[in-house]
Structures are given as C-alpha cells and as structure tokens.
Number of protein chains: 4
Amino acid sequence: MQSRTPHARAGRPRSAAADAAILAATRAALVELGWSKLTLQDVATRAGVAKTTLYRRWAGKNELVVDAVAELFDELRLPDRGSLAADIEGVVLQFAAILARPEARSGLMAVVAESTRDAALRERIRTSIVDRQKRLVLQGRERAQARGELPGEDDAAAAARTADLIFDVVAGAVVHRTLVSAEPADEEWVRRFTQLLLLGLGDAARAGFAGTAGQGGPDGTDARGRDG
Amino acid sequence: MQSRTPHARAGRPRSAAADAAILAATRAALVELGWSKLTLQDVATRAGVAKTTLYRRWAGKNELVVDAVAELFDELRLPDRGSLAADIEGVVLQFAAILARPEARSGLMAVVAESTRDAALRERIRTSIVDRQKRLVLQGRERAQARGELPGEDDAAAAARTADLIFDVVAGAVVHRTLVSAEPADEEWVRRFTQLLLLGLGDAARAGFAGTAGQGGPDGTDARGRDG
Amino acid sequence: MQSRTPHARAGRPRSAAADAAILAATRAALVELGWSKLTLQDVATRAGVAKTTLYRRWAGKNELVVDAVAELFDELRLPDRGSLAADIEGVVLQFAAILARPEARSGLMAVVAESTRDAALRERIRTSIVDRQKRLVLQGRERAQARGELPGEDDAAAAARTADLIFDVVAGAVVHRTLVSAEPADEEWVRRFTQLLLLGLGDAARAGFAGTAGQGGPDGTDARGRDG
Amino acid sequence: MQSRTPHARAGRPRSAAADAAILAATRAALVELGWSKLTLQDVATRAGVAKTTLYRRWAGKNELVVDAVAELFDELRLPDRGSLAADIEGVVLQFAAILARPEARSGLMAVVAESTRDAALRERIRTSIVDRQKRLVLQGRERAQARGELPGEDDAAAAARTADLIFDVVAGAVVHRTLVSAEPADEEWVRRFTQLLLLGLGDAARAGFAGTAGQGGPDGTDARGRDG
DNA sequence: CCATAAGCGAGACGGTACGTCTGGTCTTTCA
DNA sequence: TGAAAGACCAGACGTACCGTCTCGCTTATGG
C-alpha cells in the first residue's frame with residue numbers, strides 16, 4: 001500500500017524497533033499485572049517509548065493486547081507424530097502450555113470480553129488469532145487424509161464448516177478447562193479429550209476413556225475398530 | 001442468608017429488595033454499557049441505592065457481576081426429547097440463546113478474565129456457575145443410561161472425570177463459537193456439533209456431518225452401528 | 001444562599017481547611033515554579049489534597065490563581081503618616097513590596113493575560129482584586145479631606161470616577177515600573193512618583209522632582225506653595 | 001549583521017518572506033485563540049511554514065510573541081496638536097486603540113507574565129518595546145520645552161529618570177485601565193487622565209476634573225492659571 | 001557545473017500536563 | 001443505626017502541545 005509510491009512518504013518514518021519492543025513490554029506487563037491493572041503508561045515505560053507513540057499505533061489497550069497475544073499463538077506447530085490422535089494430542093498440549101502462561105490467560109479472555117461490545121475488535125481477534133490458527137486444523141486433516149485416517153472431502157464448503165467446528169471444539173474445550181473450570185489440561189486430560197473427539201461419546205465411554213493407562217492406548221481412529 | 005438467624009440483628013435491617021434490584025440493575029447496565037464501561041456508581045443509581053450499600057454487600061465489580069451472571073444460567077433445563085442427541089441439542093440451544101444475550105456475553109468473559117489473577121474469584125465462579133450447571137451433564141447421562149444409550153458406570157471417580165470433560169467440551173465449544181469465533185451457534189451448527197460429540201471425528205466425517213440435511217439424521221450412539 | 005434552608009445539604013460537607021491549604025500551596029508553587037510551570041497536580045500534592053478536590057472548587061488554573069493572588073493584596077493598609085503625600089508613599093511602597101514577591105509578579109500578570117479572552121475571569125479579577133483594593137483610594141481621600149488637603153466632593157458620581165482614575169494611575173504606574181520596565185520601585189522612585197501625582201507635570205518639573213534629596217521634601221499639595 | 005561579510009554563508013539562505021509571514025500569523029492566531037491556546041504548530045500552519053523553520057529563528061513562544069507584539073507599537077506617533085495636553089491626549093488615545101486590539105491585549109500581558117521568571121525575556125521586552133517607545137516621551141518633552149510649556153533641563157541624568165517615570169505613569173495607567181480594571185480608555189477618561197497628569201491631584205481636584213464638560217477645558221499647564 | 005551546505009516541509013519521537021472519570025473510603029444528615 | 005448523599009484520596013484515561021529528531025528534497029554559493 002505505502003510502497004506503491006516510488007518515494008516514501010515525507011517525514012520521519014516510524015521506528016520499526018518500537019513495535020516489537022511495545023508488544024514484548026505488553027506481554028511482560030500482562031504477566032506481572034494482569035489485564036485490569038495494566039496501564040499504557042507502564043507499557044510505554046517498559047518499552048522505553050512515550051505514551052504518545054503507543055497511541056499513534058494502537059487505538060487503545062484492547063487493540064494492543066490483541067496483537068501482543070496473537071503473537072503468542074504463532075508459535076503453535078502441528079507435530080508429525082505418526083497418527084492423527086498423536087498429532088492432536090501434541091498440538092493440544094502446546095495450546096494448553098500457552099494458556100498456562102499468565103499473559104495469554106488474562107490477555108485473551110480480556111479482549112474477548114471487550115469484543116462483545118465492539119465489532120471492530122471482534123474482527124481484529126478473528127483475523128489475528130482465530131483465522132490464523134485454523135491452519136492447524138487444515139494441516140492436521142490433510143495429514144490424516146494422506147495417512148488414510150480420514151476420508152477425502154468432496155464438498156469444499158462443507159469441509160470448511162467442519163474445520164471451523166473442530167477448531168471451536170478443540171480450542172473451546174482447552175480454554176474452558178483451563179480458564180473457566182480452572183483445572184489443568186494435563187497429559188491425561190488431553191489423552192481423554194482426544195479419545196472423545198475421535199471416538200465420540202458412546203465409543204469413548206465403552207473404551208473407558210482409558211486416560212490413566214499410559215500404555216500408549218488408542219492410536220487414532222483405528223482404536224475404535226476393535227470389534228471390526 | 002442474613003435472615004437465617006431467628007432474631008434480626010439490632011438496627012435497621014438490610015433491605016431484601018435491594019439485592020434483587022442491584023443484580024437486575026447490574027444486568028441492565030451490562031446490556032447497555034458492557035463490562036469495561038460499567039461503573040458501580042451507575043449500578044447504584046439504577047437500583048436506587050447508594051454506592052455504600054453496594055460495597056457493603058459485594059467486595060467489588062467482579063463479585064457482583066459473577067452473581068448477576070450466575071443467575072442467568074439457572075434457567076437452563078435439560079429437556080426430555082427422547083434421545084441423547086436430541087437432549088443435547090436442546091440444552092445446547094438454550095445455552096447458546098443465553099450467550100446471545102449481551103449481559104451474559106460481556107459478564108461471563110469479563111469475570112473469567114479477571115479470575116485469571118484472582119483465586120477467590122475463580123472459586124466463586126466455579127461454585128456459582130460451573131459446578132451448578134454440571135447437573136445438566138449428570139442428568140443427561142442418567143437419562144441416557146436409563147434409555148440404554150450409554151453403558152453404566154462402575155468407577156465413580158472416572159465417571160466424574162468424564163462428566164467434567166464433557167462439560168468442558170460442550171460449554172467450551174459453544175462459548176468459543178459464539179464469543180471467540182463470533183459466529184452464531186444456530187440449529188445447524190448445534191446439530192453438527194452434537195453429531196461430532198456422539199460419533200467422533202472419523203465416523204462423523206464418514207456420516208458427512210449431515211447438518212444441512214434435515215432428515216433427522218443420527219439419533220445418538222446407535223447411529224453409528226452401521227456395520228453391527 | 002445555601003444557608004436559607006434550615007438544615008444543610010445531605011452528604012459530607014466540603015473541608016474548610018482544604019481551601020486555605022490549596023491557596024497557600026498555590027502561592028508556594030508560584031514562587032518556586034512561576035505561572036507557566038505550575039501544575040494543578042503539584043498544587044494538589046503540596047496541599048495534601050487530591051486533584052479532584054481542586055477541580056471541584058475551581059474551574060481551572062486561572063480561577064485558582066486569581067483567588068490565591070487576591071489574598072496577597074488584602075494585607076495592604078493605608079498608614080496614617082500625617083500628610084497625603086506620606087500616606088501615598090506608604091501604601092505605594094507596600095504595593096511595590098508585594099509586587100516584588102514572585103508569586104504576585106507571575107500570578108497577577110498571567111491571569112490578566114488570560115482574562116483578555118475570558119469575560120468571566122475578567123469579572124472575577126475585578127471583583128476579587130480591583131474593587132477590593134479601591135478602598136485604599138477612598139480611605140486616603142477621606143483622610144486628606146479631613147486634614148483639609150483636598151476639597152470636599154459634591155458630585156458622588158464624579159468622585160467615584162476620580163477614585164477609579166487615581167487607582168489606575170497609581171496601580172498602573174507601580175505595575176508598569178516593576179514588571180514591564182523591570183526596574184525596582186524603590187523609595188526614591190516612589191517619592192518622585194508621589195510628587196508627580198500631587199503636583200502634576202509642570203510644577204513637579206519646576207520643583208525638580210526632588211527625589212534624591214532626603215530632606216523630607218514636600219508634605220503634600222502645599223509643598224508646592226505656589227501662592228506663598 | 002550577517003551581511004557584513006562580503007559573501008553570504010554557504011547553503012540555502014533563509015527565506016526573508018517567512019519571517020514576516022510568521023509574525024503576521026502569530027498576531028492572527030493571538031486574535032483568534034489568545035495566548036494560552038496559541039500553539040506554534042498552528043502559527044506554522046497559518047504561515048505555510050514547517051514548525052522546524054519557526055524554531056530555527058525563535059527560541060520559543062515567548063520570544064516569538066514579543067517580536068510580533070513589538071511591531072504593533074511601532075505605529076505610535078506623537079501628533080503635534082499645539083499644546084502638551086493635546087499632544088498627550090493624542091498619543092494616549094493611539095495607545096489605547098492598540099491595546100483595544102486582542103492581539104496586543106493577550107500578547108503583551110502574557111509575555112510580561114512570562115518575563116517575571118526569565119531575565120532574557122525581560123531584556124528582550126525592554127529592548128524591543130519599552131525603550132523603543134520612550135522616544136514618544138522624549139519627543140513630547142522637547143516639543144513642550146520648545147513651546148515654553150516645560151522648563152529646560154540641566155541635569156541629563158535627572159531628565160532621563162523623569163522620562164522613565166512619566167513613561168511608566170502614562171503606559172501603566174492606560175494598561176491598568178484597559179486590562180486590569182477592564183474599562184475602556186475612552187476620550188473622556190483620557191482627558192481626565194491628562195489633566196491629572198499635568199495639574200496633579202490637588203489642583204486637578206479643584207479644577208473639578210472637568211472631563212464631562214466638553215467646553216475645551218484646560219489646554220495644558222496654563223489651564224491652571226496659577227499666576228492669574 | 002557539480003559538490004557542498006544549509007534551509008525547507010513533513011511528521012514521528014520522548015516528555016509532560018491537561019481535565020475527566022472511576023474506584024473505594026469516609027463523613028455527614030435523614031428517616 | 002442503616003441508608004442516601006456526596007466529598008475525599010488515588011490514579012489511569014486519552015488528548016494536546018512542547019521542543020527535538022530524522023527523513024528526503026530544494027536552493028543557494030563556491031571550488
């Protein structure tokens with residue numbers, strides 16, 4: 001957009017370093033103070049920047065924190081552990097680890113809370129966080145289809161809807177477990193959740209939600225085919 | 001609570017009507033202003049009460065809102081629609097309807113956000129909201145077991161863990177869908193979600209997540225028994 | 001006005017001590033910082049008061065400083081030194097001494113400057129400062145008339161106009177000397193100014209503006225002894 | 001000053017037009033906004049100039065306004081109306097007319113206020129405004145002496161002191177009347193002031209401060225007819 | 001005739017005060 | 001003696017201006 005003109009706009013250009021420093025300072029302040037006690041003056045001071053600079057780039061606390069938190073989730077990677085079940089467990093554990101960090105806990109929920117009254121913020125969350133991380137679901141499905149664990153998709157629209165659904169179920173379950181129920185999403189819980197997700201309520205119930213058994217357990221969709 | 005003692009304490013008794021008026025005023029203010037712009041002064045004014053009275057009964061904004069929001073979820077009922085799938089769909093739609101109301105949206109997420117830095121608030125949320133609504137899961141399971149849709153439970157501890165897991169998955173999915181992804185949890189989505197929950201990823205995928213097809217579709221765990 | 005109702009208004013009454021503390025703090029801050037660097041937060045801190053309290057009572061910096069400065073001039077007294085000339089010299093020296101204090105210098109001129117764009121402030125200055133100090137002129141004239149140094153007045157309106165004129169001439173001369181010309185209004189200057197005021201340009205010139213001569217000099221209008 | 005060297009310094013020379021535009025813009029901004037709301041950015045914009053250019057030539061708001069205001073007083077002229085009294089009345093009316101202009105009102109008092117804490121500014125005011133206008137007093141005295149209205153001066157130092165005194169009395173009275181007392185220095189006031197200045201308090205009182213009487217009145221020192 | 005040097009418009013920068021608002025507490029008077 | 005009213009201290013909010021700085025460009029003189 002700004003590079004269309006052959007020569008840069010007049011005036012002193014914005015400091016590129018400042019942006020990174022501010023986002024890092026925001027996360028640091030979130031860790032120490034939490035959302036409600038976080039002040040923009042404090043963020044500015046930590047970043048070695050004037051409050052004005054901060055307001056020049058973000059409209060307020062909400063927008064700033066969305067960007068700061070969004071970066072946290074960019075480190076999520078879908079590991080290739082050989083089976084869909086193991087892949088899911090891997091990425092869910094990563095997600096749980098991020099949500100165990102205070103800056104993610106306070107920040108994410110706070111901006112979601114604010115977004116209930118602010119469509120622009122809602123859009124920003126969707127763009128910066130939700131849509132960006134849906135790649136994990138798509139990637140996981142492709143890999144599972146390549147392995148033959150999941151059937152191919154004919155209807156692209158339906159496939160997209162399904163990816164959305166799975167994303168909400170997975171992300172929602174982990175968030176609710178860790179933040180609302182306020183219990184840890186530890187390995188055992190992740191294993192049982194994955195089994196439920198893959199097998200469904202009835203089969204998972206019959207399989208005993210074999211979470212405590214550390215013996216390797218179900219290895220994916222095939223785990224169910226026990227009586228085939 | 002304060003009226004349990006047989007003889008009232010000396011002095012003017014607290015107005016019983018005030019509590020209800022305050023909680024109602026809190027919800028009304030949440031609707032209009034959202035969490036961050038809600039002030040206790042405003043709530044007090046709406047309730048026709050002095051700010052002092054408010055602080056005499058609640059420690060602060062957070063506690064007040066937890067109580068105001070908790071009441072909203074008490075109206076949830078598990079309908080008896082003849083099958084586990086239909087029961088789930090019914091209660092999930094009710095839950096989605098509550099989350100569509102602005103006072104629930106703003107209030108719930110806000111107190112959850114605050115609770116990330118406040119153990120007492122976390123406990124209050126768990127007591128007033130989470131544990132109180134888990135009854136729905138237990139009730140649903142009992143009913144499904146009575147119908148023969150789900151097997152009986154031997155291990156009480158494991159059964160409790162499973163109930164918790166299901167609660168997090170259901171509540172988490174709906175919350176994430178409506179508040180984070182910011183998409184409506186409409187009938188079609190609820191149908192597809194229920195199918196995923198009951199059948200699991202693999203089978204649901206094979207069944208085509210028949211959400212748009214209004215043909216009644218799978219009716220619970222037996223829907224899967226395709227090759228029995 | 002507020003005492004017309006038999007019982008005071010509900011709520012906590014304003015602290016009487018705060019007003020005095022704030023005005024004193026304002027003068028102290030004017031001494032140290034001058035008008036332009038004076039901040040209301042600083043005044044509040046010095047007075048041991050919150051900024052809110054300050055804004056509850058004054059609309060802004062200007063109004064506050066008018067009141068703080070006005071008090072300074074209330075200490076002016078017309079000494080009885082036996083002759084009109086000596087009385088004038090006495091009060092002018094007092095006025096010069098006040099204008100030598102930094103809080104008076106900065107404060108007075110600053111609010112006058114602001115008042116050029118603000119009719120309300122102009123009125124406040126007139127009420128709090130100008131009209132309040134005109135008493136000195138009236139008192140001096142009465143005394144001089146009693147002594148026979150000045151003729152009695154028939155026309156009350158004309159007498160008032162004359163008092164205004166004399167006030168502007170005296171106050172204006174001292175202010176201009178000390179603040180605009182930035183020279184001290186010392187005893188010698190005051191003596192020469194008084195002579196000019198009493199004798200007028202022509203006679204004073206002939207009398208040689210006997211300022212340096214410390215011999216007691218003219219003792220009033222008769223000093224000119226024009227018809228001796 | 002910089003043109004003393006035969007060849008100008010290297011580099012692009014400063015725009016001569018800019019200075020005039022800036023001073024004019026400053027006066028315009030003073031008229032519209034007054035001192036306290038006047039911003040250098042605004043002046044720069046009005047003058048079609050960058051803020052940098054402005055700071056390259058003046059140290060700050062104060063210095064700029066002194067220069068802008070000083071120019072206003074340069075238009076003062078001592079008219080030759082035939083008598084000292086009439087000459088004084090003429091120049092005082094001109095001075096009052098200038099002080100009736102908002103840029104002069106706000107600007108002059110504001111820089112005087114600032115100068116109370118800033119010796120350099122005080123010096124600048126003295127040089128640019130006070131000393132420059134004292135010419136009027138000297139000129140008036142010369143003319144009066146030529147006419148025989150005032151005696152000649154033997155002592156040059158005393159004469160200078162007297163000129164200073166008269167300047168402070170005249171300028172101070174007009175400034176105080178218009179800005180502090182906030183009353184117009186109209187023709188009637190100017191006539192009465194001139195009479196006071198020439199005759200002194202006692203004689204002027206006896207002469208009745210014949211301001212309202214439009215009969216031509218006193219025409220100078222002779223008006224008193226002291227030797228009749 | 002092009003290099004050097006200063007001036008120029010634009011606008012971001014670190015600071016800082018503004019005046020407002022809210023949170024909680026404390027002190028009155030009324031019922 | 002509790003409740004309503006409202007003043008109190010504390011401190012964050014978002015805005016505005018200050019005076020400085022960095023840009024890329026322009027306009028002079030001077031080698």
Side-chain angles (χ1 to χ4, degrees), chain A residues 6-18 36-45 47-61, chain B residues 9-15 18 36-42 44-45 47-56 58-61, chain C residues 5-15 18 36-45 47-61, chain D residues 7-15 18 36-42 44-45 47-61:
Chain A
H7 58 279
R9 292 200 324 265
R12 179 174 173 174
R14 290 193 174 170
S15 160
S36 65
K37 315 225 168 203
L38 177 150
T39 71
L40 293 202
Q41 178 60 77
D42 188 76
V43 170
T45 305
V49 140
K51 204 167 48 144
T52 343
T53 300
L54 222 145
Y55 278 103
R56 217 173 276 123
R57 302 173 190 213
W58 286 277
K61 209 164 149 175
Chain B
R9 290 196 321 249
R12 180 169 168 179
R14 289 188 176 172
S15 160
S36 66
K37 313 222 170 200
L38 177 150
T39 74
L40 292 201
Q41 178 61 75
D42 188 75
T45 305
V49 139
K51 211 167 41 150
T52 333
T53 302
L54 223 146
Y55 278 103
R56 217 172 276 124
W58 284 274
K61 203 167 153 175
Chain C
T5 50
H7 56 278
R9 291 200 325 265
R12 178 173 172 176
R14 291 192 174 169
S15 159
S36 65
K37 315 225 167 205
L38 176 150
T39 72
L40 293 200
Q41 178 60 78
D42 189 75
V43 170
T45 305
V49 141
K51 206 166 45 142
T52 357
T53 299
L54 222 147
Y55 277 103
R56 213 173 280 121
R57 303 174 188 210
W58 286 277
K61 210 164 148 175
Chain D
H7 57 280
R9 289 197 323 256
R12 177 172 173 176
R14 290 190 176 169
S15 159
S36 66
K37 313 222 172 204
L38 176 150
T39 73
L40 293 201
Q41 178 60 76
D42 187 76
T45 305
V49 139
K51 208 167 43 147
T52 338
T53 300
L54 222 145
Y55 278 105
R56 215 173 278 124
R57 302 176 189 206
W58 285 274
K61 204 166 151 174

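This is a predicted model, so every value here is computed, not measured. In what follows, chains carry the letters A, B, and so on, assigned in the order in which the sequence lines appear, proteins first and then strands, with residues in each chain numbered from 1.
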Practice problem: Name the nucleic acid region contacted by G60(A), choosing base, sugar-phosphate or nothing; use a 4.0 angstrom heavy-atom cut-off, strictly under. | Solution: nothing
Quiz item: So what does L54(B) touch, heavy atoms closer than 4.0 Å: a base, only the sugar-phosphate, or nothing?
Solution: nothing
Rounding to an integer number of Å, can you tell me how far [X] [atom1] sits from [N] [atom2]?
X	N	atom1	atom2	result
L40(D)	dG19(F)	CG	C1'	9 Å
K61(B)	dT25(E)	NZ	C1'	18 Å
W58(C)	dG19(E)	CH2	P	15 Å
D42(C)	dA17(E)	CG	P	9 Å
Q41(C)	dC9(F)	CD	C1'	11 Å

Self-check item: 5' priority, DNA chain E, between Y55(B) and P13(C) [closest heavy atom]
Solution: Y55(B)
Exercise. By nearest nucleotide on DNA chain E, pick out whichever of A18(A) and K37(C) is the more 5' one.
Key: A18(A)
Quiz item: Has R56(B) got a side-chain N or O lying under 4.0 Å from the OP1 or OP2 atom of dT25(E)?
Solution: no
Check if the side chain of [X] and the base of [N] share a donor-acceptor pair of N or O atoms closer than 3.5 Å.
X	N	value
T52(A)	dG15(E)	yes
K51(B)	dG24(E)	yes
T53(B)	dA4(F)	no
R12(A)	dC21(F)	yes

Quiz item: Want to settle it: does L38(A) or T39(D) sit nearer the 5' end of DNA chain F, counting the closest nucleotide to each?
Solution: L38(A)
Over all atoms of both residues, closest heavy-atom pair of [X] and [Y]:
X	Y	result
R14(A)	R56(A)	NH2-O, 3.3 Å
L40(A)	G60(A)	CD1-C, 4.4 Å
A44(A)	A50(A)	CB-C, 3.9 Å
A18(A)	S15(A)	N-OG, 3.1 Å

Quiz item: If you check the R57(D) side chain, which of dG14(E), dG7(E), dT16(E) turns out closest?
Solution: dG7(E)
Quiz item: Distance from T39(C) atom OG1 to K61(C) atom NZ, nearest 0.5 Å?
Solution: 7.5 Å
